[in-house]
Amino acid sequence: MSRPYLPCSEITAFLMAYLDGELPADRRAEFDRHLSVCPSCVAYLKTYQQAVRMGRDAASREEDVPEGLVRAILAARKDSAATG
Amino acid sequence: MSTQHEGELLERLRRGEDAAFERLMREVGPRLMAVARRMMPTEEDAQDAFQDGMLSAFKALPGFDGASKLSTWLHRIVVNACLMRLRTRRRRPERAIEDLLPRFDGTGHAWEPSVEWDPMPEGGMPEALKATVRRCLDELPEGYRAVLVLRDIQGMDTQETAAVMGLSPNAVKTRLHRARQALRELLDPHLREVHV
């Protein structure tokens, strides 16, 4: 098995560009070569993607603005407009 | 909101029509409230930041020059209101992002090799794990959390996130990558503990 040419630090530093398809072809090939021989970087890539999904899934889904809050904000605006 | 629709609404807002403010609250408010909920640690904090932001926006409306979309401008004000509240209520110094990034030895090899986590169960994440993820999100430095919320959770693109944050698109990309790395780093001990 050949030794990876790029160090692991380069893989993690440019991982988002790699995943977004923003690396030039030769650079992408170096990434692929590294990933084919480095289980730690493969695990890093997978857990990076998993962390993004988990952040999204754990976030609050609630979007409604409580009616009392809507009323309070509109009333405060009206008061401040009236007093100038 | 379409550009024409936004233009009409803006005119009515500038005339001070009560119904236009209510319409704005109903149409754009929910997305802004969602951002505040995702930025702030508690519902009460989120409501306070949302209220601060909306009232600031109403006050600043006469000066809005229309250079960006109204909704982008409102996001910027609400995100700033969140950041302001987070700063004033912070009890301990924020962690530097560098402390949350992966570490390497002098040859560029990972300090600690990464290991895979188990895939998430079919039915989605258990509530306890969601709470852990939310705590980890709260630990991200504020400026990084804001970018991650806007890009990964709200689904904004890089350009709009840059406009909301007052950053260049490249700075947004750098912050997003670091925020994701930091979130991965903060989650790693929990998922290693549970699944290894």
Side-chain angles (χ1 to χ4, degrees), chain A residues 3-20 22-23 34-35 37-84, chain B residues 16 18 21-22 25-26 29-34 37-38 43 46-47 50-51 54-55 58-59 101-105 107-110 112-117 119-120 124-125 129-134 136-137 148-149 152-155 173-174 176-177 179-181 183-188 191:
Chain A
R3 192 173 160 71
Y5 178 71
L6 289 175
C8 301
S9 54
E10 288 276 302
I11 300 296
T12 56
F14 294 96
L15 189 60
M16 192 170 89
Y18 172 77
L19 292 170
D20 289 346
E22 290 179 352
L23 291 180
H34 182 107
L35 291 171
V37 293
C38 181
S40 173
C41 280
V42 171
Y44 190 86
L45 181 148
K46 287 184 180 171
T47 49
Y48 176 95
Q49 291 176 306
Q50 216 167 324
V52 173
R53 276 197 301 274
M54 289 170 80
R56 197 175 293 140
D57 293 349
S60 159
R61 293 260 160 264
E62 208 181 328
E63 290 209 338
D64 71 300
V65 186
E67 191 55 29
L69 184 60
V70 173
R71 293 281 142 222
I73 293 171
L74 291 172
R77 184 207 73 82
K78 220 167 169 181
D79 285 351
S80 108
T83 56
Chain B
D18 291 344
F21 284 95
E22 176 150 5
M25 289 288 289
R26 306 268 176 221
R31 264 183 80 71
L32 297 170
M33 187 70 219
R37 283 197 178 101
R38 290 158 181 177
E43 173 68 18
Q47 290 194 18
F50 174 77
Q51 175 157 345
M54 292 312 288
L55 291 175
F58 293 162
K59 212 173 278 179
L101 297 178
R103 297 194 305 163
F104 301 93
D105 64 19
T107 62
H109 285 94
E112 186 183 20
S114 302
V115 294
E116 291 187 24
W117 304 335
M120 282 303 107
M125 261 193 289
L129 185 53
K130 281 188 185 176
T132 301
V133 177
R134 283 197 284 266
C136 292
L137 284 167
L148 188 135
V149 165
D152 282 345
I153 302 176
Q154 293 295 111
K173 286 183 184 180
T174 303
L176 176 63
H177 181 45
R180 288 170 169 183
Q181 286 184 298
L183 178 61
R184 196 213 78 92
E185 218 58 25
L186 288 163
L187 285 170
D188 193 48
L191 291 152

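To find a chain, count down the sequence lines: A is the first, B the second, and so on, and within it residues start at 1. All of these numbers come straight from a predicted model, not from anything done at the bench.
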With a 4.5 angstrom heavy-atom cut-off, which part of [X] approaches chain B: side chain, backbone, both or neither?
X: A/Q49; result: neither
X: A/L15; result: both
X: A/L74; result: side chain

With no hydrogens and no angle check, is any side-chain donor or acceptor of [X] less than 3.5 Å from a backbone partner on [Y]?
X: B/R134; Y: A/A58; result: yes
X: A/R56; Y: B/D152; result: yes
X: A/T47; Y: B/E116; result: no

With heavy-atom distances below 4.5 Å as the criterion, would you say the side chains of [X] and [Y] are in contact?
X: A/Q50; Y: B/R184; answer: no
X: B/F58; Y: A/I73; answer: yes
X: B/F104; Y: A/E10; answer: no
X: A/E22; Y: B/K173; answer: yes

Heavy-atom closest pair, residues [X] and [Y]:
X: A/G55; Y: B/L137; answer: O-CD1, 4.1 Å
X: A/C8; Y: B/A110; answer: CB-N, 4.1 Å
X: B/I153; Y: A/A59; answer: CG2-CB, 3.5 Å

I need the residue from [options] with the largest number of non-hydrogen atom pairs under 4.5 Å to chain B.
options: A/M16, A/K78, A/R77, A/K46; value: A/R77
options: A/C41, A/A17, A/A76, A/A51; value: A/A51
options: A/T12, A/I11, A/D57; value: A/T12

Top contributor to chain A contacts, counting heavy-atom pairs under 4.5 Å, from B/M33, B/K130, B/R180, B/M25: B/R180
A/L19 CG to B/H177 NE2 distance, which is reported to the nearest 0.5 Å: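 Between atom CG of A/L19 and atom NE2 of B/H177 there are 9.0 Å.
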CA sep, side-chain torsions, deciding dist, call: B/L191, A/M54, side-chain contact (heavy atoms from CB on, under 4.5 Å): CA-CA 12 Å; B/L191 291 152; A/M54 289 170 80; 3.9 Å; yes
Derivation and outcome, salt bridge (Lys or Arg N to Asp or Glu O under 4.0 Å), residues A/E63 and B/R26: CA-CA 11 Å; A/E63 290 209 338; B/R26 306 268 176 221; over 6 Å; no
